[in-house]
Amino acid sequence: MTADLIHLDGRPVIIGGGLAGLMTALSLAPEPVILITKAPLGEQASSSWAQGGLAAALGNDDDPALHLADTLAAGDGLCDEAAARAIVEAAPEAIAALDRRGVRFDRSGDGRFELGREAAHSRRRIIHAEGDGTGRELMRALIAAVRRSPSITIIEGLEARRLLVEDGAIAGVLAQSNAGIAHFSTGRVVLATGGLGGLFFETTNPMGNFGQGLALAARAGAALADLEFIQFHPTALDGPSRPMQLISEAVRGEGATLVDETGHRFMSDVPGAELAPRDVVARAIWRHLADGHKVFLDARHSLGPRFAARFPSITAFCQASGLDPAAEPLPVKPAVHYHMGGIAVDAAGRSSVPGLWALGEVASTGLHGANRLASNSLTEAVVCAKQVAESLSGSPRTKIRRAKIADLPPLPDASAVRPIVSQSLGLMRDGPALRQAITELLPLAHSNSAAADPALVGLMIAVAALRREESRGGHYRTDFPLPAATARRATVRLDEAFAQARELTETPRPVRKAQS
Ligand code: SIN
């Protein structure tokens with residue numbers, strides 16, 4: 001690898017090869033762009049694994065206003081209503097754009113989209129492909145489109161390590177491959193790096209995704225928002241596979257129920273039952289497991305022999321584990337699935353650092369609030385790709401500046417951080433465990449080791465979780481089990497997080513009376 005890729009200087013650099021990165025690169029055409037991904041396109045991207053689909057108000061009984069109402073209700077008071085409205089209103093056009101790019105969505109005999117149902121949606125509004133293979137089909141069509149596009153220079157096997165900043169603005173990207181370090185001089189960078197499930201032992205995300213984009217943005221000085229809100233999917237297959245296999249919420253949307261080892265349907269008294277918002281279902285399962293029960297998803301009566309046709313991928317991995325979803329209940333438990341928090345961005349995807357845009361799971365637009373409504377995230381990525389592309393191509397070209405090249409620690413490895421984060425930032429949190437995590441993560445985050453970037457991400461989340469003394473959506477504090485009277489979003493920068501972490505770990509804290 002050459003130290004300088006001079007001939008590419010000045011081109012926007014898109015970091016991340018999932019749905020968000022691909023759609024941004026395509027939306028920028030014919031402007032020449034560079035797309036860098038640490039894995040070959042389509043691999044190690046959560047988008048490829050998406051089962052459910054994309055939410056959009058396309059049914060005869062539906063309307064974007066109803067989609068918005070469901071989004072705000074699930075978001076538990078923390079959505080940015082204007083941002084959410086703009087995204088759900090643009091959702092039908094986003095589906096049309098994917099259709100034009102060759103994505104083969106499932107359609108009924110009359111040619112209309114088949115619409116699935118997922119938790120906390122008041123209507124059937126999930127557009128899907130290959131039954132439960134939506135992500136695979138999306139990525140197939142878009143990777144082909146990106147590879148055909150002459151304006152997109154794809155560099156696979158290259159991991160972004162640092163954003164270079166001069167005078168407070170983006171000046172370049174340092175990236176690394178087996179062949180060495182690559183330096184891109186550019187004033188325009190888009191982060192589309194996905195989520196952070198790999199910080200946890202039990203996740204449905206690729207294990208290598210530890211929040212790289214958050215670390216890059218934080219080190220560049222960007223504000224991050226609502227970091228404490230992590231979504232646990234209620235129904236990961238409870239088996240030895242890591243990452244865990246997801247059993248789509250669409251299975252419950254088709255009528256499957258949650259039962260324990262006695263056959264008791266323990267969610268039946270909860271409003272919405274199995275289709276209550278995801279955080280509610282995940283905590284109910286967690287509590288039932290903590291009480292010593294086993295929990296199963298039972299699709300025998302609702303789907304039975306129809307299961308395999310509607311959910312072929314789930315059927316395949318269940319069968320590989322010796323389970324038959326049509327004939328027996330499937331053991332399930334919650335697992336980390338999605339990060340609602342992220343790089344704080346405006347409606348055009350601009351972060352607080354000039355020259356840095358972000359979209360997809362790594363960004364926080366305000367759509368998801370405290371708890372993401374199922375299948376809103378792929379939709380958000382497609383809608384925001386267009387907005388980011390428009391904003392970026394309308395932004396002035398900055399003079400190429402030669403930034404100082406930073407020393408790089410070894411390639412990141414989250415294994416030292418996973419036990420700390422899994423212990424303290426799970427479904428149930430409390431002050432003492434968060435403080436302990438901060439104490440352990442702070443020296444790692446300051447180190448020059450492979451743990452530094454994952455620890456920095458875990459530390460910022462732990463600080464945000466400790467500061468939020470309430471329970472709301474995906475953030476539940478056993479020492480503060482009630483929501484605060486006023487919902488407020490919260491942002492943090494790296495220097496503030498470090499200062500607060502030092503203060504929290506150095507200052508003895510008075511004992512506070514917990515809420516009852
Ligand atoms: C699922 O299929 O249950 C996941 C959908 C999503 O996370 O949006």
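Start at 1 and go down the list; that is how both ligands and their atoms are numbered.
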Notebook entry, point to check: Any idea which protein heavy atom is nearest atom 2 (O) of ligand 1, and the distance to it?
Noted result: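 Checked against all protein heavy atoms, atom 2 (O) of ligand 1 sits closest to S248 OG, 2.6 Å.
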Margin query: Suppose we measure from atom 5 (C) of ligand 1 to each protein heavy atom; which comes out shortest, and what is that distance?
Written below: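 Checked against all protein heavy atoms, atom 5 (C) of ligand 1 sits closest to R278 NH2, 3.4 Å.
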Got a salt bridge between [X] and [Y], using NZ or NE/NH1/NH2 to carboxylate O under 4.0 Å?
{"X": "E228", "Y": "R468", "answer": "yes"}
{"X": "E93", "Y": "K386", "answer": "no"}
{"X": "E274", "Y": "R265", "answer": "yes"}
{"X": "D99", "Y": "R107", "answer": "yes"}

Check: Could you state the interatomic distance from CD1 (I461) to CG (L425), rounded to the nearest 0.5 Å?
Finding: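 The distance works out to 6.5 Å.
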Check each atom of ligand 1 against the heavy atoms of [X] and keep those under 4.0 Å away; list them by number with element.
{"X": "E249", "result": "1 (C), 2 (O), 3 (O)"}
{"X": "R372", "result": "6 (C), 7 (O), 8 (O)"}
{"X": "G52", "result": "2 (O)"}
{"X": "H337", "result": "4 (C), 6 (C), 7 (O)"}

Item checked: Modelled atom types, side-chain donor and acceptor of E249 and H233, under 3.5 Å ->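 No donor-acceptor contact under 3.5 Å links the two side chains.
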Item checked: Verdict with supporting geometry, D132 and S248, side-chain hydrogen bond (donor to acceptor under 3.5 Å, both in side chains) -> CA-CA 8 Å; D132 55 3; S248 175; over 6 Å; no
Say whether [X], considering both its backbone and side-chain N or O atoms, lies within less than 3.5 Å of an N or O atom on ligand 1.
{"X": "A374", "answer": "no"}
{"X": "N376", "answer": "no"}
{"X": "S377", "answer": "no"}
{"X": "H233", "answer": "yes"}

Next item on the list: Give a yes/no verdict on whether any heavy atom in Q231 is under 4.0 Å from an atom of ligand 1.
Entry: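 No.
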Next item on the list: Among Q231, H368, E361, R278, find the residue that satisfies the side-chain hydrogen bond (donor to acceptor under 3.5 Å, both in side chains) test when tested with Y338.
Entry: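 Between Y338 and the candidates, side-chain hydrogen bond (donor to acceptor under 3.5 Å, both in side chains) is satisfied uniquely by H368.
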